[in-house]
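To start, the structure itself, in structure tokens.
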Amino acid sequence: MFDGIVLDKTALTLGTTHFDFDCRIEAGAITAIAGPSGAGKSTLLNLVAGFEQPQSGRIFMTGTEQTLSRPSERPLSVVFQDHNLFAHLDVFTNVALGISPSMRLSPHDRGRIEDALTRVGLEGFGKRMPGSLSGGEKQRAAFARALVRRKPVLLLDEPFASLDADLRVRMSDLLLKLHRETANTVIMVTHDREEIARVADRVVLVEGGKVASSEAKADYLLRFASPASTRPGTV
Amino acid sequence: MLTLAERRRGIGAGLTVLIAVILFVGTAVVTLLAWDGDQSASRLFTAYTWSILRFTLLQAALSTLLSILFAIPVALALARRPGFPGRVWIVRLMALPMGLPALVGALGLLGVWGRQGVLNGWLTAAGLEQPVSVYGLSGILLAHTFFNIPLAVRLLLAVLERLPAEYWLLSASLGMKPFSIFRFVEWPALARVVPGVAGLIFMLCATSFTLVLVLGGGPAATTLEVAIYQALRFDFDPPRAIALAFLQITVTAAVVGLVTLLPAATDMVRTAGRSIQRLDGRSGPSRLWDFFVIAAAVIFVASPLLSVLAAGLRADLWKLVTGPRFIQAATTSLAIAVTAGTIAVTASLAILNARQAIRDRRDPNLAERLLSTSLAGTSSLVLVIPPIILGTGWFLVLRQFGNVGDFAPYLVAIINALMALPFAVRVLEPALEDHRRQTARLAAALGIGGIDKWRLVDIPVLLRPILTALSFAMALSLGDLGAVALFGSSDLVTLPWLVYSSLSSYRTNDADGLALILGVVCLFLTILGTAGRKEHNNV
């Protein structure tokens, strides 16, 4: 049994656009979803997350079928580009909602939340409101919530797209660190080739509502690198 | 960017409007307060005035509470169901009572809930003896909730719809149950605006005149505004009217002051843009509850409107509109509405232009900044000094110069214009602001000014918002009974006054027909007056 994520001929029509995804995403790896805007990257992610349901085809995760299950029943956490935190709740509560959506917390849970905040570099930020955080700090808090949820799959929808270049590098490092610690399966929508080079193991290319290719990062970069930038270390 | 002459003209016009408004309002207030001061002061704290004050505040507080309590589940249900059948029309339906003259709404409510209304008809048919009574406190509350639940629904729905789409996806992904979503997402968003919405509704209910006049019963269910009216119109007791007016100004000033401190709410409901996806509330009971709540709101709001329509169509409309009484009243109403609308729009333009002219200077001096602030406050002045107070004050002034009836039409037009001023400013401000941003530099660079600028640059763009503001102001004036109530006589009959007097003399058939005509005209003008605004805000 394949223990990654399988989209088995999942088809969906939104408005006039038709999507038809068929691919396998390996467990324990970081897979980047690349492709031009409007190609269906986010739709693919929404199907995996359960925000959209396919009109035909099936979806499997860690060996079980999840085609019709609700988002909260799926073994995954989601981090969006923006608005990951409820602006009127403090950081601690935002993270804690990942453990208990009705805020029933044991002392042990509280310890885990503080621990997760420390691991993402937000020690002592629990009482802060999201409005007082920088863009990078907000995304760190979202990562802390994903950590406490202990789900095997992490979905990222352009998580660093609204951050500046330096911060993107540091957040990529944090993502890699957390990935090594938890050995989770990461699916990350991105349009940033440098980011793919930094963090991804594999790349799924989406074009025209279909999966055009699914390959190792090195192969993908080789195919799309221009001759001038094939030297090692540059992309 | 403006030339010196342009700036001077702009500021001069604004200053003129400011002085005119202050003179008009000030004369009324000063006359009131100076009139027979000793006698009024002794009348200020009688058992009678206290009971009126208490009732005014009580009914406003209850109306506000009920409106908010019922509006919250409706707004939540509508927000949860972006794909509810006919949702766009339901949201539009919620905008109708705002444009409906209070008197017409009251007639519609009587048609449904009144002694001879549909509901009591059914109850009697079902063998129930005790009819539902809509006079007194219950009638006032019914009418205030009819007008304010839809308002609150729109304001609260707008807040929920402005929440980031990610919030709903996130709460679904975290597995939040309906109560958790309410506690952590919906309620915190609503809680920020509920005080502002409640303040607004409280103010509308504390100063509501027509509804209390028609549906309130006797001294036990009378508000300050209606008591002032009765003191002048029936008992001719100026000291009592003045004492009550003093209380009224104190109450409204306190409420307006409080409301401006609270965060404002807008009713810009999202009609375009990214669609919201709600994954919660998929369970059967939740669907059933939302359907029930939305259906109840629709029936509550639509039934009086349908009643106005049905009752109006039963009247002999053709005979009515060709009758001399109607033609005279319609002509008077139209003349007053056009005058009031023109004054309101002209004054708004002058106010906004002056404020732009002041802002145009790199560092305005103290006097200019002060003027800009006063201009911004001018339009809210009318909220503090209700029409009935302006009417009372001027009534006392003009009495010294002859027959008040001779001045009445002009007075009513000016008071209506002042009432419409805040709305006209609100419609015109964003349009003018956009227009200035887009054209100011270009016009300055090309050296277009004066008449040419009006003809070539301003009028083509601003004509639409100006007409929009005009139709909104005219709708307000056409439907208003408050200002005309003090002066209405056989010499001065407006359409609302004609409806009201037909109603008081038990010519209900005529009243129904006239109410339908008046309601349709006012709704039409209000829809014209809001269509442009919505479009503007969705860009």
Side-chain angles (χ1 to χ4, degrees), chain A residues 14-15 42-43 45-53 66 68-90 92-104 129-131 138-139 141-142 145-146 148-149 151 153-159 162, chain B residues 72 75-76 79-83 156 158-197 262-263 265 270-287:
Chain A
L14 292 175
S42 291
T43 307
L45 202 78
N46 283 343
L47 280 166
V48 176
F51 299 145
E52 299 283 0
Q53 289 191 339
Q66 300 284 358
L68 297 174
S69 59
R70 276 180 290 175
S72 59
E73 294 164 351
R74 302 188 181 200
L76 50 84
S77 295
V78 192
V79 175
F80 302 105
Q81 177 182 337
D82 222 340
H83 303 298
N84 282 295
L85 307 181
F86 295 115
H88 51 271
L89 302 174
D90 65 16
F92 184 89
T93 312
N94 265 294
V95 175
L97 285 173
I99 295 180
S100 163
S102 56
M103 283 302 282
R104 273 191 281 274
M129 298 303 283
K138 283 182 196 159
Q139 294 307 71
R145 181 166 59 211
V148 298
R149 283 168 62 74
K151 301 288 181 185
V153 179
L154 177 61
L155 303 183
L156 305 168
D157 193 355
E158 306 217 24
S162 47
Chain B
I72 286 177
L76 287 174
R80 202 159 26 226
R81 313 270 162 214
L156 297 177
V159 171
L160 292 172
E161 296 204 330
R162 273 199 305 273
L163 286 175
E166 283 91 342
Y167 280 17
W168 310 115
L169 299 180
L170 210 55
S171 41
S173 156
L174 295 175
M176 290 165 91
K177 298 270 180 298
F179 182 70
S180 285
I181 293 183
F182 179 73
R183 181 176 155 204
F184 293 116
V185 186
E186 293 165 334
W187 175 246
L190 293 180
R192 261 174 296 149
V193 292
V194 159
V197 176
L262 298 168
R270 186 199 302 251
T271 49
R274 195 152 53 132
S275 65
I276 299 251
Q277 209 187 347
R278 291 286 296 255
L279 298 151
D280 55 320
R282 297 256 165 115
S283 70
S286 164
R287 280 166 200 261

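Note on naming: letters A, B, ... go to the chains in the order of the sequence lines (proteins, then strands), and numbering restarts at 1 for each one. These numbers come from a predicted model, not from an experiment.
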TODO: Decide yes or no for Pro178(B) and Glu186(B): does some side-chain heavy atom of the first lie under 4.5 Å from some side-chain heavy atom of the second?
DONE: no
TODO: With side chain to side chain contact (heavy atoms under 4.5 Å, CB included) as the test, would you mind laying out the steps for Leu169(B) and Val78(A) before giving the verdict?
DONE: CA-CA 9 Å; Leu169(B) 299 180; Val78(A) 192; over 6 Å; no
Task: Contact class of Phe179(B) relative to chain A, heavy atoms under 4.5 angstrom - done: neither
Task: Donor-acceptor under 3.5 Å (His88(A) side chain, Met129(A) main chain) - done: no
Task: Heavy-atom contact with chain B under 4.5 Å, split by part of Phe80(A) - done: side chain
Task: Leu97(A) portion near chain B, given a 4.5 angstrom heavy-atom threshold - done: both
- [ ] Under 4.5 Å heavy-atom distance to chain B, tell me which part of Arg145(A) shows up: side chain, backbone, both or neither.
- [x] side chain
Open item on the list: So for Ile99(A), is it side chain, backbone, both, or neither that comes closer than 4.5 Å to the heavy atoms of chain B?
Closed with: neither
Task: Max heavy-atom pair count under 4.5 Å with chain B, selected residue of Gly50(A), Ser102(A), Ser100(A) - done: Ser102(A)
Open item on the list: Has Ser171(B) got a side-chain atom pairing as donor or acceptor with Tyr167(B)'s backbone, closer than 3.5 angstrom?
Closed with: yes
- [ ] Give the intermediate values and the outcome of side chain to side chain contact (heavy atoms under 4.5 Å, CB included) for residues Leu279(B) and Phe51(A).
- [x] CA-CA 7 Å; Leu279(B) 298 151; Phe51(A) 299 145; 3.4 Å; yes
